[in-house]
A.B. asks: 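Below is a structure I'd like to ask you about.
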Amino acid sequence: MKTLHVELGDRRYPIHIGPGLLERPDLLRPHIPGQQALVVSNATVAPLYLDRARAALAGLRHEAVILPDGERYKTLETLNDIFTALLSHRFDRDCTLIALGGGVIGDMAGFAAACYQRGVHFIQIPTTLLAQVDSSVGGKTAVNHPLGKNMIGAFHQPRCVLADTDTLATLPDRELGAGLAEVIKYGLIRDLPFLEWLESHIERLLARETAALSEAIERSCRNKAAIVAADERETGERALLNLGHTFGHAIETGVGYGEWLHGEAVAAGMCLAADLSARLGWLRWEQVERVRALLARAGLPLEPPPALTTDDFLRLMAVDKKVRDGRLRLILLRDLGRGVIAGAVDPQRLRETLEAARRE
Ligand code: NAD
Ligand code: GLY
């Protein structure tokens, strides 16, 4: 097992990564201050892992709430099911919510923990690659609105992240690929050696070789933990983690939540960001090809859905948490391994990027 920490002063917390962690109550229990724990999971993950998670809670008062599976259920309405479970079991302010699942469950359980009685304890047990490398770390929680992705939410840090790599054995291939998009993102925005490592290990990751997966998770979490420690509330460099996301969120909202996986939309979004960076003279076209080649080897889409027009994109991209005073800010690349926050992107270049992608 490897343990990293997110350094947030008195809210510092560990990220444990390794096999067999669901069988380790000693890792979980020190982070549950009270006597009540509610496990939040979904109809796919619960039959696989809920019994093991609950076994680690023996001796506490523990309950579970099982939500429907899917991005389209990441809503205020589903969130209310968590509050109903907490209230009907008469859970108090010292209770702990435990997210057992992918990013959808983590984001919803975290938001419920941020809101219930104005804030209760929270633990993340991520079971997808995407959640183990990204969403379980850093305290961003949210639900979607029909008009915009992740638009209703809060910052609420977990007390501990337990990434049991054994759970990845049951993950569908398409979900594994979606997680790899966020892994590749770290290489592109701030870690060229990691990008090069990914270029030489992508097939091993797709084959789920344990050592390769563990290293990718650890190096991703190391990058994420450093960014979150430096900029917890995204006043600056944390925005770099959104490479490809403004385009990606537009795709997810535009085609309907759940049609494209989040990681797939981010992959196509990163291709658009690389293309735009090249049009601005910041990236060479052969570097754009290098980004696309790696994403293609991971089995990820390189182009946005043809059904979305350029005007659809521009309308949907205007609903983004990085918009300031009506002005779009995009994460682009000044070089491979060097993401930047671009505040005044030439609208003509942006249109050219979107139109070129539709011609592909
Ligand atoms: P997900 O939570 O929908 O999980 C993907 C699918 O895999 C689901 O069907 C789920 O039931 C299933 N699953 C989960 N674990 C499994 C396992 N071990 N075996 C078999 N099936 C399993 O999707 P995701 O990709 O994990 O997360 C995407 C979500 O995360 C999006 O809503 C996105 O906005 C959010 N996100 C949040 C952050 C953040 O910082 N909070 C960062 C990135 C993404
Ligand atoms: N996934 C983006 C962030 O955590 O900031």
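Whatever order the structure lists ligands and atoms in, that order sets their numbers, starting from 1. The chain is numbered in sequence order, starting from 1. Hydrogens, waters and symmetry mates are skipped; everything else that's a heavy atom, side chains included, is used.
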A.B. asks: Quick one: which ligand 1 atoms are inside 4.0 Å of a heavy atom on Asp134?
C.D. replies: 42 (C), 43 (C)
A.B. asks: Would you call the rings of Phe122 and His156 parallel, tilted or perpendicular if under 30° counts as parallel and over 60° as perpendicular?
C.D. replies: parallel
A.B. asks: Before we go on, tell me: are the rings of His31 and His121 under 6.0 Å apart, centre to centre?
C.D. replies: no
A.B. asks: Are the charged groups of Arg292 and Glu289 less than 4.0 angstrom apart, N to O?
C.D. replies: yes
A.B. asks: Closest by any non-hydrogen atom to atom 39 (C) of ligand 1: pick that one out of Ala169, Ser135, Gly110.
C.D. replies: Ser135
A.B. asks: Provide, to 0.1 Å, the distance between atom 19 (N) of ligand 1 and the closest protein heavy atom, together with that atom's residue and name.
C.D. replies: Thr170 OG1, 2.7 Å
A.B. asks: How does Asn150 reach ligand 1, by side chain, by backbone, by both or by neither, if only non-hydrogen atoms under 4.0 Å count?
C.D. replies: side chain
A.B. asks: Do me a favour and list the nearest non-hydrogen protein atom to atom 22 (C) of ligand 1 with residue, atom name and distance?
C.D. replies: Leu171 CD1, 3.7 Å
A.B. asks: Would Asp69 count as being in polar contact with ligand 1, using the rule that some N or O on each side must be under 3.5 angstrom apart?
C.D. replies: yes
A.B. asks: Report the nearest protein non-hydrogen atom to atom 21 (N) of ligand 1: residue, atom name, distance rounded to 0.1 Å.
C.D. replies: Pro172 CD, 3.8 Å
A.B. asks: So is there a nitrogen or oxygen of Lys185 less than 3.5 Å from a nitrogen or oxygen in ligand 2?
C.D. replies: no
A.B. asks: So which bit of Asp134 gets within less than 4.0 Å of ligand 2, heavy atoms only: side chain, backbone, both or neither?
C.D. replies: side chain
A.B. asks: Using a 4.0 Å cut-off to any heavy atom of Lys224, which atoms of ligand 1 qualify?
C.D. replies: 40 (O)
A.B. asks: Is Arg174 salt-bridged to Glu264, going by a charged N under 4.0 Å from an acidic O?
C.D. replies: yes
A.B. asks: If I apply the N/O under 3.5 Å rule, does Gly103 come out as touching ligand 1?
C.D. replies: yes
A.B. asks: Short question: side chain of Glu355, backbone of Thr310 - any donor-acceptor pair under 3.5 Å?
C.D. replies: no
A.B. asks: Tell me the closest heavy-atom pair linking Phe247 and Ala273, and the distance in Å.
C.D. replies: CE1-N, 3.8 Å
A.B. asks: Around atom 28 (C) of ligand 1, find the nearest protein heavy atom and jot down its residue, atom name and distance.
C.D. replies: Leu130 CD2, 3.8 Å
A.B. asks: Which heavy atom in Ala163 sits nearest to a heavy atom in Leu21, and how many Å separate them?
C.D. replies: O-CD1, 3.6 Å
A.B. asks: In this structure, are over 12 heavy atoms from other groups packed under 6.0 Å from Glu286 atom CD?
C.D. replies: yes
A.B. asks: Could you check whether atom CZ of Arg72 has more than 12 heavy atoms from other residues, nucleotides or ligands sitting under 6.0 Å from it?
C.D. replies: no
A.B. asks: Does an N or O anywhere in Glu182 fall below 3.5 Å from an N or O of ligand 1?
C.D. replies: no
A.B. asks: Taking 4.0 angstrom as the limit, do Glu303 and Arg358 come out as a salt bridge?
C.D. replies: no
A.B. asks: How does Lys224 reach ligand 2, by side chain, by backbone, by both or by neither, if only non-hydrogen atoms under 4.0 Å count?
C.D. replies: side chain
A.B. asks: Only heavy atoms of Lys149, strictly under 4.0 Å: list the atoms of ligand 1 that pass.
C.D. replies: 31 (C), 32 (O), 33 (C), 34 (O)
A.B. asks: State, to 0.1 Å, how close Cys95 and Val120 come at their nearest heavy-atom pair, and which atoms those are.
C.D. replies: O-CB, 3.5 Å
A.B. asks: When you look for heavy atoms under 4.0 Å from ligand 1, do you find them on the side chain of Asn42, its backbone, both, or neither?
C.D. replies: side chain
A.B. asks: What are the atoms of ligand 1, with element, lying closer than 4.0 Å to any heavy atom of Tyr49?
C.D. replies: 18 (N)
A.B. asks: Considering only non-hydrogen protein atoms, determine which one is nearest to atom 35 (C) of ligand 1 and report residue, atom name and distance to 0.1 Å.
C.D. replies: Asp107 OD2, 3.5 Å
A.B. asks: Write out the residue and atom name of the closest protein heavy atom to atom 31 (C) of ligand 1, then the distance separating them to 0.1 Å.
C.D. replies: Glu71 OE1, 3.2 Å
A.B. asks: Tell me, do Arg238 and Leu241 make a side-chain contact under 4.5 Å, heavy atoms counted?
C.D. replies: yes
A.B. asks: Measure the distance from atom 15 (N) of ligand 1 to every protein heavy atom, then report the residue, atom name and distance (to 0.1 Å) of the closest one.
C.D. replies: Thr127 OG1, 2.7 Å
A.B. asks: Which of the atoms in ligand 1, numbered in the order shown and given with their element, are less than 4.0 Å from a heavy-atom of Lys74?
C.D. replies: 31 (C), 32 (O), 33 (C), 34 (O), 35 (C)
A.B. asks: Taking Arg351 as the fixed residue, which of Asp346, Asp311, Asp275 is the one that meets the salt bridge (charged side-chain N to carboxylate O under 4.0 Å, His left out) rule?
C.D. replies: Asp311
A.B. asks: If you measure from atom 5 (C) of ligand 1 to every heavy atom of Arg72, Glu175, Glu264, which option wins on shortest distance?
C.D. replies: Glu175
A.B. asks: May I ask you to check if ligand 2 and Lys140 share an N or O to N or O distance below 3.5 Å?
C.D. replies: yes
A.B. asks: Pick one of side chain, backbone, both or neither for how Val104 approaches ligand 1, counting any non-hydrogen atom pair under 4.0 Å.
C.D. replies: both
A.B. asks: Please say which of Arg159, Glu7, Gln157, Gln124 ends up in a side chain to side chain contact (heavy atoms under 4.5 Å, CB included) with Tyr13.
C.D. replies: Gln157
A.B. asks: Could you tell me if the side chain of Leu314 sits less than 4.5 Å from the side chain of Leu350, heavy atoms only?
C.D. replies: yes
A.B. asks: To check your reading of the model: name the closest protein heavy atom to atom 4 (O) of ligand 1, its residue, and the distance in Å.
C.D. replies: Thr128 CG2, 3.6 Å
